[in-house]
Amino acid sequence: MNDAAPLGILSAIPEELRHLEDRTEGSETLAGLSFHRGRIEGRAAVFVETGIGKVNAALTATILAQHFGCRALIFGGVAGGIDPALGIGDVVVATKLVQHDYGALVDGRIEAYQPGIAPLPGVDRSPGYYMGRTLETNLRAALAGIELPSLAASVTGEAARQASLHFGTVVSGDTFVNCGMTRERMEREFGALAVEMEGAAVAQVAERFGRPWIVVRCLSDLAGVDSHLNFPAFLPVAAKAAAVVVRQAVQVL
Ligand code: SAH
């Protein structure tokens with residue numbers, strides 16, 4: 001892939017994109033979506049707000065890859081925490097992304113399959129898109145020691161603490177998780193650190209086009225009964241922290 005090709009920078013909602021976007025080099029509207037050309041950390045980039053959910057994310061990612069020839073797709077935004085060891089403000093870099101809502105409904109529950117695979121008994125059930133080894137190694141090196149914002153007690157609602165960075169599994173689906181029972185199931189079934197609504201769709205499209213992907217999510221809530229209250233309260237600070245990590249991450253591309 002040509003080094004001069006732009007990076008595709010995606011976020012789902014304006015609060016997330018605000019901290020990344022640079023609109024200096026013109027805009028184009030396609031499928032009702034506004035694509036802005038600019039630069040990130042000195043690299044040519046196309047910035048776009050996808051809208052919420054997997055289909056919006058997949059549509060936008062496809063346009064970035066096909067129309068703009070983006071050489072990598074990078075998503076920056078917020079997520080609900082799944083791993084109980086993590087708190088609001090912690091940042092997760094996905095090394096594996098799973099679409100938790102593609103699959104078969106069995107005994108009232110979804111058994112996840114890899115998108116496109118027939119979701120039938122006897123068919124291999126090991127869903128997930130994986131970040132390549134080399135990219136992961138480079139990212140871990142580039143992000144080691146990164147300074148994340150310290151979180152005041154007024155921000156966490158608990159004690160003041162330093163946010164931390166984690167690498168691991170993120171699950172994506174077309175539902176806002178506002179449910180402790182689902183949160184526990186997602187931890188058990190997927191070993192997930194976080195849940196959101198777009199990342200694994202971007203990974204599916206990026207993989208189809210043979211382009212690398214990076215998904216960075218800062219926890220805005222903990223996906224439990226309070227998540228609908230925490231999400232709007234912590235969105236601004238979480239979106240900003242995710243952008244700090246995205247800016248450092250794109251330097252490996
Ligand atoms: N009411 C909000 C809706 C946000 S949906 C609004 O009007 O903007 C939540 C967004 O943040 C999605 O894009 C998703 O990727 C991410 N997200 C944050 N917390 C989440 C959670 N608990 N479950 C699923 N997605 C979550």
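Sequential numbering from 1 along the given sequence is applied to the chain's residues. Ligands are counted one by one from 1 in listed order, and the atoms in each one are counted from 1 as well. Owing to the predicted nature of the structure, the values given are computational and were not obtained by experimental measurement.
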Inset, instruction - Using distance alone, with no hydrogens and no angle criterion, decide if Asn56 and Thr50 have a side-chain donor and acceptor under 3.5 Å apart. - result: no

Legend entry - Contact list for residues 36-49, test salt bridge (charged side-chain N to carboxylate O under 4.0 Å, His left out), sequence neighbours left out: Glu41-Arg247

Legend entry - Transitive ILVMFWY cluster of Phe209, excluding itself - 4.5 Å side-chain cut-off: Val205

Legend entry - Pairs where residues 165-198 contributes a residue and the test ring pair (Phe, Tyr, Trp, His ring centres under 6.0 Å) is met, not counting sequence neighbours: Phe176-Phe231

Inset, instruction - Using a cut-off of 6.0 Å, state whether more than 12 heavy atoms not belonging to Glu111 lie near its atom CD. - result: yes

Would you mind listing each N/O atom of ligand 1 next to any protein N/O under 3.5 Å, plus the distance?
unit_1	atom_1	unit_2	atom_2	d
ligand 1	13 (O)	Glu198	OE1	3.3
ligand 1	13 (O)	Glu198	OE2	2.7
ligand 1	15 (O)	Met197	N	2.9
ligand 1	15 (O)	Glu198	OE1	2.7
ligand 1	15 (O)	Glu198	OE2	3.4
ligand 1	15 (O)	Arg217	NH1	3.3
ligand 1	19 (N)	Gly80	N	3.3
ligand 1	19 (N)	Asp221	OD2	2.7
ligand 1	22 (N)	Val177	O	3.0
ligand 1	22 (N)	Asp221	OD1	2.9
ligand 1	23 (N)	Val177	N	2.9

Legend entry - Output field: ring centroids Phe68/Phe35 closer than 6.0 Å: yes

